[in-house]
*Asks:* 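This is the structure, below, for whatever I ask next.
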Amino acid sequence: MIIGRILLAAAIAASLFVPAAEAKMPGRVSGTARQRAEQACYGDATRLCGDAIPDEAKITACMGKKKAQLSPECRKIFDQGL
């Protein structure tokens, strides 16, 4: 599932990408589907499933189990199966 790959990439690159993107676009999510997913789900992945990183399958399974706790933005992307 692409969400796991996105979250894995986000976990690796987040210290550079996400803060810079948020600084440039506060409150706004734009860019490619991958970038939007990284922005929307990175915090949820680390907060709810940090112990699963970097295992893609475990991240996806964890987030699926904790779907009710995901932020609205991340839940929307997760529901779309990205």
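Below, each value reflects all heavy atoms present in this structure, side chains not excepted, and no hydrogens, waters or symmetry copies.
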*Asks:* Locate the shortest heavy-atom distance separating A40 from S71; write the atom from each residue and the value.
*Replies:* O-OG, 3.6 Å
*Asks:* More than 12 non-hydrogen atoms from neighbouring residues, nucleotides or ligands closer than 6.0 Å to NZ on K65, yes or no?
*Replies:* no
*Asks:* Considering non-hydrogen atoms only, spot the tightest contact between R47 and Q69 and give its length.
*Replies:* NH2-O, 3.4 Å
*Asks:* Does the side chain of K76 come within less than 4.5 Å of E73's, by heavy atoms?
*Replies:* no
*Asks:* So how far is it from F78 CZ to T60 OG1, rounded to the nearest 0.5 Å?
*Replies:* 6.0 Å
*Asks:* Closest heavy-atom contact between R75 and L70?
*Replies:* NH2-O, 2.7 Å
*Asks:* Any ion pair linking D79 and K67 (charged N to carboxylate O, less than 4.0 Å)?
*Replies:* yes
*Asks:* Taking atom CD1 of I59 and atom CG of L48, what is their separation to the nearest 0.5 Å?
*Replies:* 12.0 Å
*Asks:* How long is the span from the CG atom in D44 to the SG atom in C49, to the nearest 0.5 Å?
*Replies:* 8.5 Å
*Asks:* Under a 4.5 Å cut-off applied to non-hydrogen side-chain atoms, are C74 and M63 in contact?
*Replies:* yes
